[in-house]
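All values below were derived from every heavy atom in this structure, side-chain atoms included, with hydrogens, water molecules and symmetry-related copies excluded. Reminder, nothing fancy here: chain letters follow the sequence lines and each chain counts from 1.
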2 protein chains.
Amino acid sequence: MDVALAAGVSRQTVSNVINNPHRVAPQTLALVAREIERLGFKPNRAAQSLRRRKADALGFQVNAVGERRLGNILDAFLVELTVSARRHDFHIVTFAVDSHEDPIAEYEHLLAVQMVDGFVLTSTRHADPRPGWLLANGVPFVSFGRVWDDPSFTSWVDVDGFSGVGAGVRHLFAQGYDRVGFLGWPEGSPVGDDRRAGWLAAAGESAAFDAGLQASSPQDVHAAAAAAAPLLESLRGGGALICASDTLALGAWTALRDLGIAVGSDVGLVGFDDTDVAESFAITSLRQPLADIADSMLDLIAHHGRHGSPAPGGQVLQPIVVQRASSTRKSRKR
Amino acid sequence: MDVALAAGVSRQTVSNVINNPHRVAPQTLALVAREIERLGFKPNRAAQSLRRRKADALGFQVNAVGERRLGNILDAFLVELTVSARRHDFHIVTFAVDSHEDPIAEYEHLLAVQMVDGFVLTSTRHADPRPGWLLANGVPFVSFGRVWDDPSFTSWVDVDGFSGVGAGVRHLFAQGYDRVGFLGWPEGSPVGDDRRAGWLAAAGESAAFDAGLQASSPQDVHAAAAAAAPLLESLRGGGALICASDTLALGAWTALRDLGIAVGSDVGLVGFDDTDVAESFAITSLRQPLADIADSMLDLIAHHGRHGSPAPGGQVLQPIVVQRASSTRKSRKR
DNA sequence: CGAACCGATTTGATCGTTCATATTCCAATA
DNA sequence: TATTGGAATATGAACGATCAAATCGGTTCG
């Protein structure tokens, strides 16, 4: 080792300077640290990885090809995750899984060749085989989004859809809209149902509550526009619509335009996720705190790595209202 | 080594079975291969990496946080790259660079610790320091998009914007639109200027060519709508507009709606990149062959890896017209 | 019949680090 | 003075693969 030679100490001492500074005499520490700095020494990851039997990397399954990206936060999430990972001394390795293939195989492979130590899961489906398999094999992982199937899985971080929509509804009332309708996904998706329940609870508190002011549509702009249109007709003149996603909100936005209803000043509109779609169309939305989410997730996984067992308890983070023109009642004239 | 024991051969023979099968006697080969299969043996990447001094991984710099993703193909590209990488025995490692930080430092770091062997560049800017540095240091890399600054950099794969727009223009004429205008970015961006030139060349061939039928706008839906509006007025009744990006096209789309002009049947519209935006709004667009691009890029980088020097010659791939409602003149009544 | 050759396989060293276990040195204690 | 203890540092082995060179059998040939 070059540094060892230059500093006149053994390789182990250099190793200790980096990994166990407290074991090294202050004077030696300073000397070696200076040489490390001077020579720009960086420990070789392959060698570390081989000896320590860990990769310092996490796998991240990217959306299958052809998957919808519009109004999807996962791409933005990957960026935040990458940024966070650096602080946690992890690297992120992407991988894809053929849809007609055993989804577990690639996870198994990456672990077997010691390419990654664990995984960051997203888009956990109903009856998803991954959490169970990972848990059974003692593989560290965290999921972005609750693993609704099984409450005993606790390695997750999620956003509070219920409270989030509630906050959105209260925001709309505070802006002076008198009724708030809801456009969600068809019943049956845990996330969607949670958000709908948030609307029911918050809007239900108002005097003018009408449980009929809701509609549902799949996650598609065109379909959402069609589903929203009749609802928007009845919200004309001071009502507002809150949606389970920005994509749905965008659908509603185009419907409003087609109906000749002024977005914001006549009918309020709020989306969910605060994707680029919301920003581009000036639609108020509920921002998922992606940076905090990524950070929490890596904390949880690092905990697992250190203690050998999953960290207890999932974490629910609060989204925040990002106000834009679509929920601004009136630009004040002066 | 377990397999060696089970097959009754030395570890080196097992290694040869995997890496140099021709050196092994057919009978031994079969025997060892069977044991490898049976025991599910996968060579440890850390050990390989240490010995061979290569990481079998490429770095991919993700968009800075806060970067526009709407109408951006890079997220989709990363997916294709990940898929392709697997075929080329590479892994993709994402990393981010703080905007106020030396952009080279992270590249240097990843190489120094032997986390990656090379890089896949995207979004090469004018006067980008990266290609020069990488070249000077003999680091394998490919760029998605020409490195316009310096024609001596040949490690790139790009899409032919000139021809692509030309194909779009011809498509529009074939559909029966009589004039084709252009909405592009402000002059000065090589990509944008290339696409504009493609319009000039193709539209210039038509009898009714009017060089005044163009406008420009930054890459933003709202701004694009404002810039497109006057142009669209003069294209009413059988004209068409081709745009330098889907984002611009989406702006034009909203402008058409606001002007009460029927998209497609009255005025044609074509975007570029074929992102989700185009699909969601039924806008005809020029599809970048991302899978082919990723494949070509990895071929180039693998070439560098094998031969120690950059592969000669950049590659230009052709985008193809994906027709949707926005450029369909009339749904045939029956 | 021995030398030379050849393909198939094995052996020893090595990549760069960390772990486990020495060793060294010096001060405090019996 | 000899003993013990502990902090600081050094040494040998190991992680799991590949490389380079050695060995082993068996042919071929002079």
Side-chain angles (χ1 to χ4, degrees), chain A residues 1-36 39-57 89 91 109-117 305-306 308, chain B residues 1-37 39-57 89-91 109-117 305-306 308:
Chain A
M1 190 181 289
D2 246 5
V3 175
L5 197 70
V9 298
S10 72
R11 56 185 200 283
Q12 184 59 35
T13 298
V14 176
S15 174
N16 285 334
V17 166
I18 295 174
N19 302 302
N20 301 86
H22 63 277
R23 286 194 197 159
V24 180
Q27 191 183 344
T28 317
L29 186 72
L31 169 67
V32 175
R34 199 179 320 127
E35 288 304 313
I36 287 178
L39 299 173
F41 171 74
K42 307 259 182 68
N44 182 302
R45 294 183 53 77
Q48 282 188 326
S49 184
L50 176 60
R51 180 68 243 216
R52 295 176 153 159
R53 333 195 101 262
K54 62 196 199 75
D56 292 330
D89 283 314
H91 291 272
H109 175 77
L110 287 169
L111 288 167
V113 302
Q114 210 178 117
M115 179 80 223
V116 304
D117 298 319
R306 276 195 309 275
Chain B
M1 193 181 288
D2 246 5
V3 175
L5 197 69
V9 299
S10 71
R11 56 186 199 287
Q12 183 59 36
T13 298
V14 176
S15 173
N16 284 335
V17 166
I18 296 174
N19 301 303
N20 301 87
H22 63 278
R23 285 195 198 159
V24 180
Q27 191 184 345
T28 317
L29 186 72
L31 170 66
V32 175
R34 200 179 319 128
E35 288 304 313
I36 287 178
E37 178 65 26
L39 299 172
F41 171 75
K42 307 262 181 68
N44 182 302
R45 239 188 43 87
Q48 283 188 326
S49 183
L50 175 59
R51 181 66 245 221
R52 296 177 151 159
R53 331 193 106 267
K54 63 198 199 74
D56 291 330
D89 282 314
F90 276 122
H91 290 272
H109 176 77
L110 287 169
L111 288 168
V113 303
Q114 209 178 114
M115 180 79 223
V116 304
D117 298 319
R306 276 196 309 274

Which atoms of nucleotides 7-9 of chain D (N or O only) lie under 3.5 Å from a protein N or O atom, and what are those distances?
unit_1: D:dT9; atom_1: OP1; unit_2: A:Thr28; atom_2: OG1; d: 2.2
unit_1: D:dT9; atom_1: OP2; unit_2: A:Ala25; atom_2: N; d: 2.9

Closest contact, heavy atoms only, A:Gln114 versus A:Lys54: OE1-N, 3.6 Å
B:Ala7 and B:Leu31: which non-hydrogen atoms are nearest, and at how many Å? O-CD2, 3.6 Å
To the nearest 10 degrees, the angle between the two end axes of the helix from C:dC1-D:dG30 to C:dA30-D:dT1 (five pairs per end) comes to 70°
Name the one of A:Val24, A:Val9, A:Leu5 that satisfies side chain to side chain contact (heavy atoms under 4.5 Å, CB included) with A:Val14? A:Val9
Nearest to the side chain of B:Pro43, heavy atoms from C-beta on, is which of D:dA17, C:dG12, C:dT18? D:dA17
Nearest whole angstrom, please: distance from the C1' of C:dT14 to the CZ of B:Arg51. 5 Å
Spell out yes or no: do the side chain of A:Arg52 and the base of C:dT17 have one donor N/O and one acceptor N/O closer than 3.5 Å? no
Contact class for A:Lys54 (heavy atom, under 4.0 Å): base, sugar-phosphate, or nothing? nothing
Distance in angstrom units between B:Gln48 CD and C:dT14 C1', rounded: 16 Å
Can you check whether A:Asn19 has a side-chain N or O nearer than 4.0 Å to OP1 or OP2 of C:dT18? yes
Checking only heavy atoms, does the side chain of B:Arg11 share a donor-acceptor pair with the base of C:dG12 at less than 3.5 Å? yes
Going by heavy atoms in the side chains, are B:Asn44 and A:Val113 under 4.5 Å from each other? no
List the atom of B:Ile18, the atom of B:Pro43, and the distance in Å for their closest heavy-atom pair. CD1-CG, 4.2 Å
Does B:Arg53 contact C:dG16 through a side-chain donor or acceptor facing the base, at a distance under 3.5 Å? no
Please give, in whole Å, the distance from C:dA8 P to B:Leu31 CG? 15 Å
Write down the distance between CG (B:Asn20) and C1' (D:dT18), rounded to a whole number of angstrom. 10 Å
CG of A:Asn44 versus P of D:dC15: gap in Å, rounded? 18 Å
Rounded distance in Å - CD (A:Gln12) to P (C:dT18): 8 Å
Can you name the closest pair of heavy atoms from A:Ala47 and B:Leu50 and give their distance? CB-CD1, 3.7 Å
Spacing of A:Arg45 atom CZ relative to C:dG16 atom C1', expressed in whole Å: 13 Å
CE on A:Met115 to NE2 on A:His91, rounded to 0.5 Å: 9.5 Å
Apply the test side-chain contact (heavy atoms from CB on, under 4.5 Å) to residues B:Arg34 and B:Ile36: give CA-CA distance (whole Å), side-chain angles for both, the deciding distance (0.1 Å), then the verdict. CA-CA 5 Å; B:Arg34 200 179 319 128; B:Ile36 287 178; over 6 Å; no
Euclidean distance, atom CG of residue B:Leu5 to atom P of C:dT9 [Å, nearest integer]: 17 Å
Please confirm whether the shortest side-chain N or O distance from B:Ser15 to OP1 or OP2 of D:dA17 is below 4.0 Å. no
In sequence, state the C-alpha distance, the side-chain angles, and the governing distance for A:Arg52 and A:Asn19, and then conclude on side-chain contact (heavy atoms from CB on, under 4.5 Å). CA-CA 12 Å; A:Arg52 295 176 153 159; A:Asn19 302 302; 3.0 Å; yes
Nearest heavy-atom neighbours spanning A:Asp117 and A:Ala55: OD1-N, 2.6 Å
